[in-house]
Amino acid sequence: MNPAGSLACVALSALTAFAVAGCGASPKAGTVDLRALGTVERSFERALSEGCYAVESSTTSFWFADLPLEQLPTTPGASLPDAVFLHAQLLWQPEPGRTPISDEATNVVVRVAIVSKGEVGVYGGAAFAELEGDVGSEEVALSLRGGTLTLVESTKGFVDPLSPAGLSGLLKAQPAPERAVA
């Protein structure tokens, strides 16, 4: 299988796992904004409607999407609808007075997958995240700022107008512990 086909399979597998996980939907999970850091001003802002999180042994993972999960195909090889998916892996929670609380600090690894016209681009990077609410509660708000992302892999026809890109967002997620980890 060629690398582009391999990426599409990996993306579809991840998206299918996300759909099966049954992450809770909120009317609006929030927005994410990517802004090109190059010489040409470009931005990509997207409202995300789905959000969930899972507390794992050493991290907390947040998952977001901009379309209802019922619209995702569950058959390998099926074409994907245009969509945006964001995974934020919180490595540590900032503690005021004990850890830096700054846009220049890093405590979350971020991956953003953009599906457009059947092509997939996966961006990766890091950011600073603050939580509103306690992990384990019915809803946690995740504020992302100071992030930078770059395109790390894509299918052959994916056009990247953003790399490198700045990242910010304010997102809300509900817990889905066992299912989100699966």
Enquirer: Applying side chain to side chain contact (heavy atoms under 4.5 Å, CB included) to R46 and L48, what does each step give before you reach the verdict?
Expert: CA-CA 6 Å; R46 188 59 66 109; L48 302 176; 4.1 Å; yes
Enquirer: Using atom types as modelled and distance alone, determine if a side-chain donor or acceptor of S168 lies under 3.5 Å from a backbone N or O of L144.
Expert: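 Not confirmed, S168 side chain does not pair with L144 backbone.
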Enquirer: Using atom types as modelled, flag every donor-acceptor pair under 3.5 Å from a side chain in residues 35-43 to any protein atom, sequence neighbours excluded.
Expert:
{"unit_1": "R35", "atom_1": "NE", "unit_2": "D33", "atom_2": "OD2", "d": "2.9"}
{"unit_1": "R35", "atom_1": "NH1", "unit_2": "S43", "atom_2": "OG", "d": "3.3"}
{"unit_1": "R35", "atom_1": "NH2", "unit_2": "D33", "atom_2": "OD2", "d": "3.2"}
{"unit_1": "R42", "atom_1": "NH1", "unit_2": "P161", "atom_2": "O", "d": "3.3"}

Enquirer: Which atom pairs, donor and acceptor, lie under 3.5 Å between side-chain atoms of residues 111-129 and protein residues at least two apart or in another chain?
Expert:
{"unit_1": "R111", "atom_1": "NH1", "unit_2": "H87", "atom_2": "ND1", "d": "2.6"}
{"unit_1": "E119", "atom_1": "OE1", "unit_2": "T155", "atom_2": "OG1", "d": "2.4"}
{"unit_1": "E119", "atom_1": "OE1", "unit_2": "G157", "atom_2": "N", "d": "3.2"}
{"unit_1": "Y123", "atom_1": "OH", "unit_2": "D160", "atom_2": "OD1", "d": "2.7"}

Enquirer: Do F158 and L151 come close enough that some side-chain heavy atom pair is under 4.5 Å?
Expert: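 Of all side-chain heavy-atom pairs linking L151 with F158, at least one is under 4.5 Å.
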Enquirer: Residues in side chain to side chain contact (heavy atoms under 4.5 Å, CB included) with T31, at least two apart?
Expert: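 Result, side chain to side chain contact (heavy atoms under 4.5 Å, CB included) vs T31: K28, E45, A47.
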Enquirer: Is R145 close to E130 at the side-chain level, that is, under 4.5 Å between some pair of heavy atoms?
Expert: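 Yes, side chains in contact.
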Enquirer: In the structure I gave you, are the side-chain heavy atoms of T148 and L167 within less than 4.5 Å of one another anywhere?
Expert: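 Heavy-atom side-chain distance check fails, nothing below 4.5 Å.
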Enquirer: Is the shortest heavy-atom distance from the side chain of V140 to the side chain of D134 under 4.5 Å?
Expert: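 Counting from C-beta outward, V140 and D134 never come under 4.5 Å.
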Enquirer: Can you tell if the side chain of V110 reaches within under 4.5 Å of the side chain of L149, non-hydrogen atoms only?
Expert: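 Yes, at least one pair of side-chain atoms sits under 4.5 Å.
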Enquirer: Residues in side chain to side chain contact (heavy atoms under 4.5 Å, CB included) with A173, at least two apart?
Expert: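 Counting only residues at least two positions away or on another chain, A173 forms a side chain to side chain contact (heavy atoms under 4.5 Å, CB included) with Y53, F62, F64.
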Enquirer: Between CG of L131 and CG of N107, what distance do you get to the nearest 0.5 Å?
Expert: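 Spacing of CG (L131) from CG (N107) equals 8.0 Å.
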